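Chain naming here is simple, since letters A, B, ... match the order of the sequence lines and numbering starts at 1 in each. This one's a predicted model, so the numbers in the text were calculated from it and none came from an experiment.
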2 protein chains.
Amino acid sequence: MATLTIHEAAQTTGWSARMLRYIEQLGLVDSPRSPSGYRLYGPAQLQRLRTLRELLDAHDLELGDVGFALRLRKEPALAGALDEWFEASPRKPVDVPDAEWLAFEQDKHQSLLTRSTA
Amino acid sequence: MATLTIHEAAQTTGWSARMLRYIEQLGLVDSPRSPSGYRLYGPAQLQRLRTLRELLDAHDLELGDVGFALRLRKEPALAGALDEWFEASPRKPVDVPDAEWLAFEQDKHQSLLTRSTA
DNA sequence: ACAGGTCTGACACGCTCCTGGTAAGGTTGG
DNA sequence: CCAACCTTACCAGGAGCGTGTCAGACCTGT
């Protein structure tokens with residue numbers, strides 16, 4: 001049988017069993033389960049856990065960072081909003097209706113004026 | 001003159017002066033400086049600070065997250081490595097030679113055996 | 001059926017992040 | 001020259017992350 005239990009998987013990957021559960025909770029590597037609920041780690045999962053470790057070491061990342069990267073793939077709206085913000089000259093955000101956006105644009109100068117004359 | 005000092009900018013953007021310095025330190029919004037070193041916030045910076053706040057509120061982000069997104073733009077190698085990792089079906093990791101991979105597959109059972117007899 | 005392995009959930013500790021505050025010193029404008 | 005602002009560099013305290021460990025219940029192989 002090519003599937004390992006969680007402690008065996010921990011041994012071969014260098015993570016602790018605790019961390020394997022945590023990694024799964026972050027959505028980074030989730031293993032299939034046996035009928036009774038045991039986690040079963042196959043070659044694919046082991047591979048993923050190994051390369052995950054390499055990834056962290058190579059680029060000085062933390063699990064939370066990879067979790068955020070995952071969130072970026074799952075929420076294209078978020079990725080798009082960040083893209084827009086990083087474009088130096090920000091236009092209108094995707095999900096803001098024109099009226100609201102214009103109000104904001106006006107309000108900007110408004111508040112600046114009231115500030116500088118206050 | 002259309003440039004504000006840090007406390008004025010804090011007023012109009014809703015950040016604290018302390019946070020404006022922190023945001024600059026993260027590399028998210030850095031302002032030009034006066035000859036003597038005072039930060040000068042122009043419309044472009046104020047705009048950026050405003051939209052930054054919207055961004056955080058809209059997507060439940062934190063400054064560190066945006067900082068990480070910035071890092072992704074600055075380090076294409078990092079972004080590429082993450083891309084690769086997220087490609088779901090990883091066969092052999094790019095940088096692990098076949099011999100090593102096979103050794104691992106064998107070693108797996110090996111180490112489990114030696115473990116249990118140790 | 002018994003030993004040992006697994007499950008979830010919780011508590012705890014150390015560490016970093018976020019944010020505020022303060023101290024010591026330079027700048028500016030009246 | 002003095003008040004009021006700015007600068008950098010620290011310390012502090014609450015919140016969240018990474019990790020271990022324990023408890024109580026369930027599963028498995030001999």
Within this structure, what is the OH-to-C1' distance between A/Y41 and C/dT6, rounded to whole angstrom? 11 Å

Rounded distance in Å - CH2 (B/W15) to P (C/dG20): 10 Å

Over how many whole Å does the gap from A/E8 atom CD to D/dG29 atom P extend? 12 Å

Specify the separation, in whole Å, of atom CG of B/L40 and atom C1' of D/dC5. 13 Å

Name all residues meeting the side chain to side chain contact (heavy atoms under 4.5 Å, CB included) criterion together with A/A10; count only those two or more places apart in sequence or in a different chain, and write none if there are none. A/L20

Value in whole Å for how far the P atom of D/dC5 lies from CG of B/L20: 16 Å

Closest-nucleotide mapping onto DNA chain D: is B/E62 or B/S36 further toward the 5' terminus? I mean the 5' end. B/S36

Among residues at least two apart in sequence or on other chains, which ones pass salt bridge (Lys or Arg N to Asp or Glu O under 4.0 Å) with A/R39? A/E24

Any B/L28 side-chain heavy atom under 4.5 Å of B/L63 side chain: yes

In whole angstroms, how far is the P atom of D/dA9 from the CD atom of B/E24? 12 Å

With the side chain defined as heavy atoms from C-beta on, A/Y38 is closest, among C/dC7, D/dT8, C/dG5, to C/dG5

Taking for each residue the nucleotide of DNA chain D bearing the nearest heavy atom, is the 5' side occupied by A/G64 or by A/P35? A/G64

Which of these nucleotides, D/dT8, C/dT19, D/dC5, is closest to any side-chain atom of B/T5? D/dC5

Who are the side chain to side chain contact (heavy atoms under 4.5 Å, CB included) partners of A/S16, not counting sequence neighbours? A/R18, A/M19

note: B/L63, atom CG; C/dG20, atom C1'; distance rounded to Å ~ 15 Å

Non-hydrogen atoms of A/L52 and B/W85 that approach each other most closely: N-NE1, 3.3 Å

Residue pairs passing the salt bridge (charged side-chain N to carboxylate O under 4.0 Å, His left out) test where at least one lies in residues 72-81 of chain A, sequence neighbours excluded: A/R71-A/E75, A/R73-B/D83

List for me each residue that meets side chain to side chain contact (heavy atoms under 4.5 Å, CB included) alongside A/S34, sequence neighbours excluded, and say none if there are none. A/S36, A/Y38, A/L40

Classify the nucleic acid contact of A/S34 as base, sugar-phosphate or nothing, counting any heavy atom under 4.0 Å across all strands shown. nothing

Phosphate contact (C/dT27 OP1 or OP2) by B/R39 side-chain N/O below 4.0 Å: no

Quickly work out the A/L56 CG to D/dT19 P distance and round it to whole Å. 9 Å

For nucleotides 9-15 of chain C, list the nitrogen or oxygen atoms of the protein found under 3.5 Å from its nitrogen or oxygen atoms, one pair per line.
none

